[in-house]
Structure formats: C-alpha cells, structure tokens
Amino acid sequence: VASGTEAGGPPQLNGIAFGGLGTVRMTDTQQEIQIRGAVLDDAEALVSLLNPIIEAGTTALDTMLTVADERDYIASLPERAIFLVAVRALDGTLVGCQSVEPFTTGTHAFDHVGVMGTYVAVGHQRRGIGRRLFEAMFEQARRKGYEKIFTYVRADNTAGMAAYLG
C-alpha cells in the first residue's frame, strides 16, 4: 500500500499504478473528473464523502467512520482488492469511490468472484461519476481475474439500485 505517488509516478495501491485510468469531462456539470487508485492520504476526504451518506441512512454502512478507520481499511486491503476514487480536477475534491474485494480468501474456488461497493457524494449523484467509476473498475477487475462481481444494496436505496441496474 502506498500513501501517494511512487518516485513521482502515478498513485499506487498494492503495487498497481492507477494514474492512467483517465480523466473525463462531465457534460452535465462541465467539470473534469479524474479516476485514480485510492491511497492512504485520501482517508480524510473519504470520511467526508462517506459519513453524510451513512447519516442519510440508505447505505448498508451504519456506523460513522473516523480518519483512522479509513486509513486502517485502506492499509488492510488484500492484494487483489481494487479501490478507486473519483476526484474533481478543478479543486481536488473527492466526489466518489468504488471498491472490489475478493468474495472470500478461504478457498481459491471463488478467486474469480468479487464484492463491490460504490459511493457518490451527496449532491453529486446522477452526474455520470458512478458510471465512470464502473468503467474504470470493470477494466481493472478483469485484469485481476475477476469474472463475477456482486454487491449489497438496501431496497430503500433507489439511487443505488438505479446505478447497479443501469
């Protein structure tokens, strides 16, 4: 796990460089969004993104996070995990994140199965940020050997259901 860039290169997580995932201009907001790998230094911004979503009560997460919690989570991700963030290029604000982790590590029979979580900041949904995260994530997941990905979405999370069902 790295806490930033390695020797001036792109951010890395578990030895995988994510800087080349690209930037997209969001046509409805006219802002550029960069998709890159999460690093330890993102912990504070991730807590600022996730806690309002948790507080709204439509996510499976039910406990408010601390920066220490998020740093521990990032640092403890298994080697095959992928954790991406969406960052607004104009001011560096983190506006979304998505992760895929192995379904289980107890057997290799499920090495091809991952569990996904997707979060877009309150006030930034329905702007294509989630779609860009999905595109980048599926590309990375295929490279890591994932063939099936599932998620948990609460029935009352209509925005989440819409994002996953397309």
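When reading the values below, keep in mind they use all heavy atoms of this one structure, side chains included, and skip hydrogens, waters and symmetry mates. Residues take their numbers from the sequence shown, with the count starting at 1.
In this structure, CG in Leu133 is found 10.5 Å from OG in Ser99, a value given to the nearest 0.5 Å. The line from CD of Glu32 to CD of Gln34 is 9.5 Å long, rounded to the nearest 0.5 Å. Atom-to-atom distance recorded for Lys148:NZ and Phe110:CZ is 9.0 Å, nearest 0.5 angstrom. Between Leu165 atom CG and Thr158 atom OG1 the span is 11.5 Å, to the nearest 0.5 Å.
Looking only at side-chain heavy atoms (C-beta outward), Leu77 and Glu101 come within less than 4.5 Å of each other. Side-chain contact between Met116 and Gln98: present, with at least one pair of heavy atoms (C-beta onward) separated by less than 4.5 Å. For the pair Arg36/Asp42, a side-chain contact is recorded, criterion being any heavy-atom separation below 4.5 Å from C-beta on. No side-chain heavy atom of Arg154 sits less than 4.5 Å from a side-chain heavy atom of Met161. Using a 4.5 Å cut-off on side-chain heavy atoms (C-beta onward), Cys97 and Leu50 make contact. Between Phe83 and Leu46, some side-chain heavy-atom pair lies under the 4.5 Å cut-off. Looking at Val122 and Ile53, their side chains come closer than 4.5 Å, going by heavy atoms from C-beta outward. Using a 4.5 Å heavy-atom cutoff, the side chains of Ile149 and Phe138 are in contact.
Among Ile35, Val100, Ile82, the single residue meeting the side chain to side chain contact (heavy atoms under 4.5 Å, CB included) criterion with Gln140 is Ile82.
By the criterion of side-chain heavy atoms lying less than 4.5 angstrom apart, applied directly or through intervening Ile, Leu, Val, Met, Phe, Trp or Tyr residues, Val85 is grouped together with Tyr73 in one hydrophobic cluster. Taking hydrophobic clusters as Ile, Leu, Val, Met, Phe, Trp and Tyr residues chained together by side-chain heavy-atom distances below 4.5 Å, Leu40 shares a cluster with Val87. Phe150 and Tyr119 fall into different hydrophobic clusters, where Ile, Leu, Val, Met, Phe, Trp and Tyr are joined by side-chain heavy atoms under 4.5 Å apart, directly or via other members. Tyr152 and Leu61 are assigned to two separate hydrophobic clusters, defined by single-linkage of ILVMFWY side chains at heavy-atom distances under 4.5 Å.
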Quiz item: Please walk me through it: do Glu139 and Phe134 pass side chain to side chain contact (heavy atoms under 4.5 Å, CB included)?
Solution: CA-CA 9 Å; Glu139 176 185 328; Phe134 280 112; over 6 Å; no
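Looking at Gln125, its side chain does come within 3.5 Å of a backbone N or O of Val120 through a donor-acceptor pair. Between the side chain of Asn51 and the backbone N or O of Leu65 there is at least one donor-acceptor pair closer than 3.5 Å. Looking at Thr93, its side chain never comes within 3.5 Å of a backbone N or O of Val95 through a donor-acceptor pair. For the pair Arg131 (side chain) and Arg127 (backbone), a donor-acceptor distance under 3.5 Å is absent. For Lys144 (side chain) and His112 (main-chain N/O), no donor-acceptor pair under 3.5 Å exists by modelled atom type.
What you find for Ile33 and Ala86 is that their closest heavy atoms are CG2-CB, 3.8 Å. Of all the heavy atoms in Thr104 and Thr107, the pair that sits closest is CG2-CG2, 4.0 Å. The shortest heavy-atom contact between Gly96 and Ile129 is CA-CG2, 4.4 Å. Of all heavy-atom pairs spanning Arg71 and Ala43, the tightest one is CG-CB, 3.2 Å. In this structure, Ile54 and Thr59 approach most closely via the heavy-atom pair CA-CG2, 3.7 Å. Contact record, Val47 with Pro52: O-CD, 4.1 Å, taken as the closest heavy-atom pair.
Judged by a 6.0 Å distance limit and a 45° cone about the ring axis, Arg80 is positioned over the six-membered ring of Tyr146.
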